[in-house]
Amino acid sequence: MKDKKSLLGMIARYLLLIGISAVFLYPILYMICNSLKSVQDLVNPTVEWLLVKPTWENFTKALKTLRYGSTLPFTIFYTLAATLAQTVSCAMAGYGFARHEFPLKRFWMIMLVAAFLIPAQVTLVPKYLMFYNYGLTNTLFSIWLPALLGQGVNSSIFILIFENFFNSYPKSFDEAARLDGAGRFTIFFRVAMPMVKPAAVVSILFSFVWIWNETYTAGQLMGAELRTLPMKLESFVAEFTSIYSSGSGDMSARLNESSRLAATLLVIAPLILLYIILQKSFIRGIDAASGVTGE
């Protein structure tokens, strides 16, 4: 009887996992399949998953339209710099909340949560005017500076995450380092940060993804000259049409759905690669921190 119950439970778990996997994998598989469709397959209603004439031409056109060779390094540099700045600043703020007492501490925690609840669009106009008066619009510093000061994309979440993680290990570790003559920055970078590696990995992963995908505020502050891959994806149809003019009679210039899906895959490919790399680091960090308890 117990064997039947365990078997049914295992089947139920696998069915649930398969259903969840299908929900997440279907959009990716759909994009991959349709991005490889030729014009003949695209206009053929009988062709759905099994392609008759697959082609890589859509990716070639997407690479040219996005200017992938030059835009990708710029996007990675811009996003990585903002991610590292945001992670370090949020870690310092979280450490301050966890390890130090100061006036109105609870009030500032409430304000931190309130800042997360306010939509970014509400503060865009005053933020733009402020950066314009300082001469920082149309530059990368309009994004880097807020990230460095703990005001980046969804920074409030990361500060709260770091605050919880810093509270999870004993304060005696910091006190022992202080007795050995270590300064505050030494304690923070050499004692505290290694203890909260899972939080750092989470912050880096989600900061990178959110900053990478953020186009509204960044597009307004950085101007039309500084364009990341997601920003170019928003104007992909217009760029594609201007390069492959439909006046030539080329059917592929008018039917660009496959090229647009190919461009989408090229834009999200670095994020998928980043997740694959950091997934192992995150698991190792969880295992390393599993034996640490707070006081």
Side-chain angles (χ1 to χ4, degrees), residues 24-43 51 53-84 120 137-144 147 152-153 204-278:
F24 283 97
L25 291 177
Y26 176 82
I28 302 297
L29 296 177
Y30 177 86
M31 283 193 294
I32 293 175
C33 179
N34 284 271
S35 64
L36 294 173
K37 282 184 177 181
S38 61
V39 176
Q40 292 80 4
D41 288 342
L42 191 62
V43 298
L51 307 183
K53 294 182 179 180
T55 179
W56 292 99
E57 184 181 5
N58 299 316
F59 285 92
T60 304
K61 292 182 177 180
L63 288 169
K64 183 178 180 180
T65 305
L66 293 172
R67 295 179 177 87
Y68 203 77
S70 59
T71 308
L72 176 62
F74 167 74
T75 307
I76 292 177
F77 170 70
Y78 146 79
T79 307
L80 186 61
T83 297
L84 295 178
T137 53
N138 301 327
T139 67
L140 293 175
F141 289 101
S142 59
I143 302 299
W144 287 349
V153 181
I204 291 173
L205 178 60
F206 285 98
S207 291
F208 194 94
V209 172
W210 286 337
I211 294 172
W212 180 284
N213 290 327
E214 213 292 314
T215 58
Y216 183 76
T217 302
Q220 298 295 325
L221 294 176
M222 295 197 310
E225 297 297 326
L226 301 174
R227 307 285 289 176
T228 62
L229 280 175
M231 294 177 191
K232 285 185 174 292
L233 185 62
E234 290 184 338
S235 59
F236 180 81
V237 175
E239 292 286 340
F240 185 93
T241 304
S242 66
I243 296 175
Y244 303 98
S245 175
S246 59
S248 62
D250 184 7
M251 183 69 72
S252 62
R254 296 194 296 271
L255 299 172
N256 57 18
E257 183 63 27
S258 295
S259 296
R260 184 160 45 184
L261 290 175
T264 304
L265 283 174
L266 291 173
V267 171
I268 67 175
L271 301 181
I272 296 175
L273 180 62
L274 177 68
Y275 174 77
I276 293 173
I277 294 173
L278 290 186

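Counting all heavy atoms, side chain and backbone alike, Ala82 lies closest to Ile211 at CB-CD1, 3.7 Å. Residues Arg260 and Val237 approach most closely at NH1-CG2, 3.1 Å, considering heavy atoms. Contact between Leu266 and Leu63 at its shortest, heavy atoms only, is CD1-CD2, 3.6 Å.
Note that OG of Ser35 is 7.0 Å distant from CG of Asn58, once rounded to the nearest 0.5 Å. In this structure, OG1 on Thr71 lies 11.0 Å from CD1 on Ile76, to the nearest 0.5 angstrom. Distance CD1/Ile32 to OG1/Thr264: 12.0 Å, rounded to 0.5 Å. Interatomic distance, Leu271 CG to Trp210 CH2, rounded to the nearest 0.5 Å: 13.0 Å. Between atom OG of residue Ser207 and atom CG of residue Leu80 there is a gap of 11.0 Å, rounded to the nearest 0.5 Å. Interatomic distance, Ser259 OG to Phe59 CZ, rounded to the nearest 0.5 Å: 9.5 Å.
The environment of Tyr68 atom OH is dense: over 12 non-hydrogen atoms of other residues, nucleotides or ligands sit within 6.0 angstrom. Within 6.0 Å of CZ on Phe141 lie no more than 12 heavy atoms contributed by other residues, nucleotides or ligands.
Side chain of Glu214 to main chain of Thr217: a donor-acceptor pair is present (N/O by atom type, distance under 3.5 Å, no hydrogens or angles). In terms of modelled atom types and a separation under 3.5 Å, the side chain of Thr79 and the main chain of Phe208 share no donor-acceptor contact. Remark: side-chain polar atoms of Thr137 are not paired, donor with acceptor, to backbone N or O of Leu221 under 3.5 angstrom.
In this structure the side chain of Asn138 never reaches within 4.5 angstrom of the side chain of Glu225, judged on heavy atoms. In this structure, the side chains of Phe240 and Lys61 come closer than 4.5 Å at one or more pairs of heavy atoms. Counting heavy atoms from C-beta on, the side chains of Trp212 and Thr228 never come closer than 4.5 Å. Proximity of Met222 to Ile143: side-chain heavy atoms (C-beta onward) are separated by under 4.5 Å at one or more points. In this structure the side chain of Ile268 reaches within 4.5 angstrom of the side chain of Ile28, judged on heavy atoms. Put simply, the side chain of Leu261 reaches to within 4.5 Å of the side chain of Tyr30, judged on heavy atoms. Between Pro270 and Leu72 the shortest side-chain heavy-atom distance falls below 4.5 Å. Contact of the Arg67 side chain with the Lys232 side chain is registered, since non-hydrogen atoms from C-beta on lie closer than 4.5 Å.
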task = Before giving the answer on side chain to side chain contact (heavy atoms under 4.5 Å, CB included), spell out for Ser235 and Arg227 the whole-Å C-alpha distance, their side-chain angles and the decisive distance to 0.1 Å.
result = CA-CA 11 Å; Ser235 59; Arg227 307 285 289 176; 4.0 Å; yes

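Checked against the 6.0 Å centroid criterion, the rings of Trp144 and Phe77 qualify as a close aromatic pair.
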